[in-house]
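Here the structure is a predicted model, which is why all the values come from computation and not from measurement. The figures here come from the full heavy-atom set of this structure, side chains too, leaving out hydrogens, waters and symmetry mates.
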Amino acid sequence: MLLAIDTSAGTSVAVVDRDRGVIAERTEADTMRHAEVIGELIEAVLAESGVPVSALSGVVAGMGPGPFTGLRVGIAAAKAFAFGAGKPLVPVVSHDAVAFERYRARTLGELLVVTDARRKELYWSAYSGVDEHGIPVRLDGPGLTKPDDLPHAGMTRFDASTVSAGALGMIAELRYANGLSFDADEPLYLRSPDVTLSSGPKRVSA
């Protein structure tokens with residue numbers, strides 16, 4: 001069983017099992033309340049699932065793409081929980097979870113997953129379909145672009161406002177069950193944060 005956390009769009013937390021599927025999931029769509037709700041959602045899904053922390057096999061972290069401030073909340077929470085519980089961290093690209101749900105909903109062929117990057121920009125990932133295990137095959141991306149420059153115009157486009165932690169966790173379960181590798185433990189911010197550290201005091205001239 002896995003605890004899965006994603007804050008690349010809204011905030012989503014789930015407990016999943018390879019055989020039982022998504023046991024419990026809670027999602028908050030507000031993109032400005034990641035830090036306020038993440039702890040409550042983790043507590044809620046653990047209580048609802050009835051799964052003790054000791055029974056978890058690992059913690060899945062959605063690695064984005066996502067805006068810096070929101071995305072780092074979920075990754076930090078996942079890493080802190082994994083460290084405290086003595087469980088491994090399992091990184092998964094967030095857009096893969098959106099594609100996973102769309103293909104399970106009978107979307108066929110090529111798919112372009114799009115999420116809001118703010119600043120009048122979009123995050124995107126392109127998929128060619130699913131492999132023999134039902135896992136989405138990423139053809140291109142993740143990328144960041146202006147709406148008018150969005151690539152892969154011929155693909156079926158899906159705009160997602162949230163990313164399901166349940167789907168994220170099930171991808172991790174499928175990869176583990178079939179001996180497949182996980183994604184890199186590197187947040188996909190794709191651009192610099194809004195706030196940068198000072199390089200030192202400014203000189204004041206007379």
Ala97 versus Ser164, closest heavy-atom pair with distance
CB-O, 3.8 Å
If you compare all heavy atoms of Ile75 against all heavy atoms of Gly62, which two are closest, and at what distance to 0.1 Å?
CG1-O, 3.6 Å
Once you round to the nearest 0.5 Å, how far does CD1 of Ile171 lie from CD of Glu101?
9.0 Å
Do Leu3 and Lys87 make a side-chain contact, defined as non-hydrogen atoms from C-beta onward lying under 4.5 Å apart?
no
Whether the side chain of Glu48 engages the backbone of Ala24 through a donor-acceptor N/O pair (distance < 3.5 Å, no angle test) should be reported.
no
Could you check whether Asp159 pairs with Arg157 (Lys NZ or Arg NE/NH1/NH2 to Asp/Glu carboxylate O, under 4.0 Å)?
yes
For residues Thr11 and Leu41, determine if any side-chain heavy atom of one lies less than 4.5 Å from a side-chain heavy atom of the other.
yes
Give the C-alpha distance, both sets of side-chain angles, the deciding distance and a yes or no for side chain to side chain contact (heavy atoms under 4.5 Å, CB included) between Val114 and Leu150.
CA-CA 9 Å; Val114 178; Leu150 193 65; 4.0 Å; yes
Using a strict threshold of under 4.0 Å (side-chain N to carboxylate O), is an ion pair present between Asp148 and Lys120?
no
About how many Å separate CG of Leu71 and CG of Leu188, when rounded to the nearest 0.5 Å?
7.5 Å
Spell out, yes or no, whether Met1 and Val16 are grouped together once hydrophobic residues are joined by side-chain heavy atoms under 4.5 Å, including indirect joins.
no
Flag yes if Leu139 and Phe100 sit in one hydrophobic cluster, no otherwise; membership is Ile, Leu, Val, Met, Phe, Trp, Tyr, and two members link when side-chain heavy atoms are under 4.5 Å apart.
no
Going from CD on Glu110 to CE on Met155, what distance comes out if it is rounded to the nearest 0.5 angstrom?
4.0 Å
Please find the pair of heavy atoms, one from Ala61 and one from Ala78, that lie closest to each other, and give the distance.
CB-CB, 3.7 Å
Hey, are Asp6 and Ser94 close enough side-chain-wise for a donor-acceptor pair under 3.5 Å?
yes
How many angstroms lie between CG in Asp96 and OG in Ser125, if you round to the nearest 0.5 Å?
7.0 Å
Using a 3.5 Å distance criterion without hydrogens, assess whether the side chain of Asp131 forms a donor-acceptor pair with backbone atoms of Ile135.
yes
Work out which heavy atom in Gly141 is nearest to a heavy atom in Arg138; give both atom names and the distance.
O-CD, 3.6 Å
Do Thr107 side-chain atoms and Arg102 backbone N/O form a donor-acceptor pair below 3.5 Å?
yes
Looking at Asn178 and Leu180, would you say the former's side chain and the latter's main chain have a donor-acceptor pair under 3.5 Å?
no
Kindly say whether Val93 contributes a backbone atom to a donor-acceptor pair with the side chain of Asp183 at under 3.5 angstrom?
yes
OH of Tyr103 to CZ of Phe158: how many Å apart, nearest 0.5 Å?
12.5 Å
Side chain to side chain contact (heavy atoms under 4.5 Å, CB included), that's the test. Do Glu121 and Thr145 meet it? Break it down for me.
CA-CA 6 Å; Glu121 292 180 313; Thr145 188; over 6 Å; no
Do Val53 and Ile23 sit in one hydrophobic cluster, given that two such residues count as connected whenever their side-chain heavy atoms are within less than 4.5 Å of each other, even indirectly?
yes
Whether the side chain of Ser49 engages the backbone of Val45 through a donor-acceptor N/O pair (distance < 3.5 Å, no angle test) should be reported.
yes
Can you tell if the side chain of Leu56 reaches within under 4.5 Å of the side chain of Leu2, non-hydrogen atoms only?
no
Any Leu112 side-chain heavy atom under 4.5 Å of Thr156 side chain
no
Residue pair Arg118, Arg191: steps toward the side chain to side chain contact (heavy atoms under 4.5 Å, CB included) verdict
CA-CA 11 Å; Arg118 303 177 193 170; Arg191 69 179 176 211; 4.1 Å; yes
Hydrophobic cluster identity match, Val92 and Leu89, side-chain contacts under 4.5 Å
no
Output field: ring centroids Trp124/His152 closer than 6.0 Å
yes
Measuring only between side-chain heavy atoms, which start at C-beta, is Met63 closer than 4.5 Å to Asp185?
yes
Are any side-chain N or O atoms of Ser8 and backbone N or O atoms of Gly66, one a donor and one an acceptor, separated by less than 3.5 Å?
no
Does CZ belonging to Phe182 count more than 12 external heavy atoms closer than 6.0 Å?
yes
Do you know the tightest heavy-atom contact between Ala4 and Ala165?
CB-O, 3.2 Å
Do Tyr127 side-chain atoms and Ala99 backbone N/O form a donor-acceptor pair below 3.5 Å?
no
Heavy-atom side-chain contact between Leu122 and Leu144 under 4.5 Å:
no
Could you check whether any side-chain N or O of Thr7 sits under 3.5 Å from a backbone N or O of Gly70, counting only pairs where one atom can act as donor and the other as acceptor?
yes
I need the Ser128 OG to Leu111 CG distance, nearest 0.5 Å.
10.0 Å
With hydrophobic residues grouped by side-chain heavy-atom distances under 4.5 Å, do Val130 and Val113 end up in a single group?
yes
Quick one: does any side-chain atom of Glu25 pair with a main-chain N or O of Val15 as donor and acceptor, under 3.5 Å?
no
Report the C-alpha separation of Arg26 and Val13 in whole Å, then their side-chain angles, then the decisive distance to 0.1 Å, and conclude whether the side chain to side chain contact (heavy atoms under 4.5 Å, CB included) test is met.
CA-CA 6 Å; Arg26 297 287 181 91; Val13 182; 5.5 Å; no
Which atom of Ala184 lies closest to which atom of Pro91, heavy atoms considered
O-CB, 3.6 Å
A side-chain contact here means heavy atoms from C-beta on lying under 4.5 Å apart; do Phe81 and Ile42 qualify?
yes
